[in-house]
Amino acid sequence: MANHDQTPHLPRRKRSARLSLAMMGASAFGLTACGQPEQTTDVSFDSPRSYQSVEECVAADVYTQSACEEAYEASIKEVPRFDTLEACEAEHGEGACVAPTQEQSQAATGSSSGSWFMPAMMGYMVGNMMSRSSGGATSRGVYQEPVYRNRQNQGNWNTATNQASQRVNQRQQTMRTSAAQNRQAATQRSGFGSRSSARGGWGS
Amino acid sequence: MLRIDVAERPNWKTLAHELGFHFHTIDGEPYWKESAYYQFTLEQVERDIEAPTEELHEMCMELVDRVCHSNALMQRLALPEFMWDTIHDSWVSGQPHLYGRMDFAYSGQGHAKLLELNYDTPTSLYEAGFFQWVWLEQAIAQGTLPRHADQYNSIQERLINAMAHIGDRLEERTLHFACIKDNVEERATVHYLQDVAVQAGLVAPFVFMEDIGYQKGRDVFVDLDNQPIRALFKLYPWEELAEDAFGERIPQLSTHWFEPPWKAILSNKGILPLLWEHFKGHPNLLPAYFEERNPALLPPGWVRKPFFSREGSNIELLTPDGQREAVDGPYTDSPWIRQAYQPMPRFGEHHALIGSWVVGDRACGIGVREDVGRITKDSSCFVPHAIV
C-alpha cells in the first residue's frame, strides 16, 4: 500500500461557508421552532451577544475561551482613548471615564503602562464580526484578504481620524458648535428626496 | 446554463418573513421564485462571468480616472458643473466604494455582454447575497439538489469585509444609512446593509432621505436628533442628490458619502458609449453611442436608454426584424444613448438577465432576474442559481 495522501481533492467552493444576520431576522431562532424540524439545516443564524467580561462569556458556553478572549481584546482596541480625564469626560460625561487596568492597556496598546483614559466598558460584543480573529479556518482566510486593490491611495482616505487626539479636538469643536447651533439655528429638512413621490423608487 | 424546475421549500414564505424578506411578493405578484433555478457549470461562472466582471470593473475604474481629469467628459456625461470638483476630489483622495452590479446578457455560451452598470444604487442585494444562499443550503439539505452543488456567492462575506475596512476609517465607526420613505424594498435593502455593517462592527443608525437636516453654520448634515451625519450610505442616486434642494450644499459640507461622488460617473448610461470608445471591440462590450452625436450609427437592432433611469423605465428597443418594445417612465429629462440590441437568452418563455456583483474591487456573486418581456423591470422575478 502506498502511503500517499488519501484526502480527496476538494473542488473550489464559490460560496461562503457560513452566513448570519445580526438584526434583520428578529425571530431567527424561530427557524427550528416553526414545526418540521427535519427541514432545518445546519444553517445557523446567530446574533452577536453581549457580555460583561471574558469570564461571563466563557461561562455562557456559546463561544470558546479563546474566542471570548480575542473578542475582548478586539473590543478593547476599539474603545476610544483620551490623553486626559477631562477630554474623556467632555465626550462621555462626568464620572464615565476610567484609567485602563494593566491588562486593558496591554490589550489595547501592547504596553501595560498606559497613561490614558477611556470610557468605562459596559461589556463587549462577541459574534460573527469577531470570526476574523477567532472563527473557523474558512472565514479566517477571507478576512485577511485585502478588500481593495492598491489603486492610488484608495481606502487610506481620512486616515487623520486615526489620530485620537486630533479626533477629540474635532469632536469638542463640533460639540461646542452643535450645542450653540441647537440653541440658535432651526434645522431645515426635506432638502433631499422631494421628487421621490413622482418616481417611486431608486434601486436598480 | 439551464433552467431547471425544482420543488419549492414547503416553508419558504414563513422563513422569508422570519428573515426580514417581506417583499418576496410585490403587489400580489411573486418576486422571489424558487419553482426553478438556473444551473451553471463552474467554468461558465469563472471564465464567462467572474473574470470578465473583474476586467470590466478595472476598465471602469480607468474611465473614472479619465473623466475625473477632463471637464469635457464631465460635460458629455451631463454631470452638474457644481459637482465636478467634488467628484474629482472624491476620486483623487481615494474615497472607497462599497459595491456595484453589472447586468449581463449571457446564454451559457459565448461572451457575456454588458448591458449596463448599476454602480450607484444597486438593489436585489439581500436576495442575491443572503436569501439565495439560504435556499441553496436548504435545497441541498432537503435533497432537491446534490450534495456537491455550489453557488457563486460570497457577496455578504465580502460586504462585511468591505464594511469593516470602511468602518476602520470612519470617526467612531459610525455610518448613517438612508433611503426614501414609502418604499418597502429599498428600506429592506438598506436594513440588510445596516445588518452587514453591524456584523462588521460599525454603528449603523438610519435616517430617511427626507428627514436629513441642514443647519446653517454646521459642517455636516444632521439626522432627526440633530446629531452629525459624518458619513452616509444613501440608496439614492447622485443625479437626484445634485438636483435636490440641498444638492448645492453637498460640496460645502464634509459629510462623507457612500457610494462616493465619483460613482456619479458610473451610474450614468453615458458610460456605455465611453466604454465602447475607449475599449472598442472588447468581447464583453456592445457597440454604444451618444444619440445626439450619432443618431444613425446603429442599424435596426438597438436599445435606446436615457442617461439616468432605473428599473427598466423609459427603455425602448427595436429588434433587427422590426419588433418594437418599450417601457414608459418618468426619466425623460436627460440625454439618450443607443446600444446595439443583444437578444436576451430565453429559457421557455423567460428572458434571463444576470446581475454580477462587485464588492470593493472583487467580483463575488450573481443573481438572476427573469421576465417574459425583453426588458428587465422592477417586477422581474428573482430566481436562484446553483453550480452543479
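Just so it is clear: chains get the letters A, B, ... in the order the sequence lines come, proteins before strands, and each one is counted from 1.
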Colleague: Of all heavy-atom pairs between A/Leu21 and B/Gln199, which one has the smallest distance, and what is that distance?
Modeller: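 Heavy atoms of A/Leu21 and B/Gln199 come nearest at CA-NE2, 3.6 Å.
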
Colleague: Please check: side-chain N/O of B/Trp133 versus main-chain N/O of A/Leu19, any donor-acceptor pairing under 3.5 Å?
Modeller: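 Looks like no, no N/O pair under 3.5 Å.
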
Colleague: Let me confirm one number: the CD-CD1 distance from A/Gln188 to B/Ile212, rounded to the nearest 0.5 Å.
Modeller: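 Nearest 0.5 Å value for the CD-CD1 distance: 13.5 Å.
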
Colleague: Considering only heavy atoms, which portion of B/Phe208 lies under 4.5 Å from any heavy atom of chain A: side chain, backbone, both, or neither?
Modeller: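 The answer is neither part of B/Phe208.
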
Colleague: Judged by atom type as modelled, is there a donor-acceptor pair below 3.5 Å linking the side chain of A/Arg13 to the main-chain atoms of B/Gln151?
Modeller: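 Not confirmed, A/Arg13 side chain does not pair with B/Gln151 backbone.
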
Colleague: Chain A heavy atoms under 4.5 Å from B/Phe21: which part of the residue, side chain, backbone, both or neither?
Modeller: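 B/Phe21 has no heavy atom closer than 4.5 Å to chain A.
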
Colleague: Measuring heavy-atom distances to chain A, does B/Ile387 have an atom under 4.5 Å in its side chain, in its backbone, in both, or in neither?
Modeller: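 Answer is side chain: those atoms of B/Ile387 sit under 4.5 Å from chain A.
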
Colleague: Given heavy-atom pairs under 4.5 angstrom as the criterion, report whether the side chain, backbone, both or neither of B/Ile250 touches chain A.
Modeller: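 Looking at B/Ile250, just its side chain touches chain A.
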
Colleague: Look only at the side chain of B/Glu210 and the backbone of A/Phe192, and say whether a donor-acceptor pair between them is shorter than 3.5 Å.
Modeller: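 No: the side chain of B/Glu210 does not pair with the backbone of A/Phe192.
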
Colleague: Please step through salt bridge (charged side-chain N to carboxylate O under 4.0 Å, His left out) for the pair A/Lys14 and B/Glu46, ending with a clear verdict.
Modeller: CA-CA 9 Å; A/Lys14 301 297 286 183; B/Glu46 292 192 332; 3.0 Å; yes

Colleague: Can you name the closest pair of heavy atoms from B/Ser154 and A/Ser16 and give their distance?
Modeller: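 In terms of heavy atoms, the two residues are closest at CA-OG, 3.3 Å.
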
Colleague: Strictly below 4.0 Å, N to O, side chains only: are B/Glu137 and A/Arg15 in salt-bridge contact?
Modeller: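 Looking at A/Arg15 together with B/Glu137, the answer is yes, because their closest N to O distance falls below 4.0 Å.
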
Colleague: Indicate yes or no for a side-chain donor-acceptor contact from B/Glu157 to the backbone of A/Arg18 under 3.5 Å, with no hydrogens or angles considered.
Modeller: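 A pair under 3.5 Å: no.
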
Colleague: Any idea which of B/Gly355, B/Ser124, B/Pro122 has the most non-hydrogen atom pairs under 4.5 angstrom with chain A?
Modeller: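 Winner by heavy-atom pair count: B/Pro122.
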
Colleague: A/Ser190: what forms a side chain to side chain contact (heavy atoms under 4.5 Å, CB included) with it, not counting sequence neighbours?
Modeller: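 Side chain to side chain contact (heavy atoms under 4.5 Å, CB included) list for A/Ser190, sorted by chain: empty.
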
Colleague: Rounded at 0.5 Å granularity, tell me how far CZ in B/Phe130 sits from OG in A/Ser20.
Modeller: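 OG of A/Ser20 is found 7.5 Å from CZ of B/Phe130.
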
Colleague: For B/Ala242, which atoms come within 4.5 Å of any heavy atom of chain A: side chain, backbone, both, or neither?
Modeller: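 Neither part.
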
Colleague: So which residue, B/Leu224, B/Ile155, B/Val45, B/Thr189, ends up with the most heavy-atom pairs under 4.5 Å with chain A?
Modeller: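 Winner by heavy-atom pair count: B/Leu224.
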
Colleague: Backbone N or O of A/Ala22 within a donor-acceptor pair of the B/Asp195 side chain at under 3.5 Å?
Modeller: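 Yes: the side chain of B/Asp195 pairs with the backbone of A/Ala22.
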
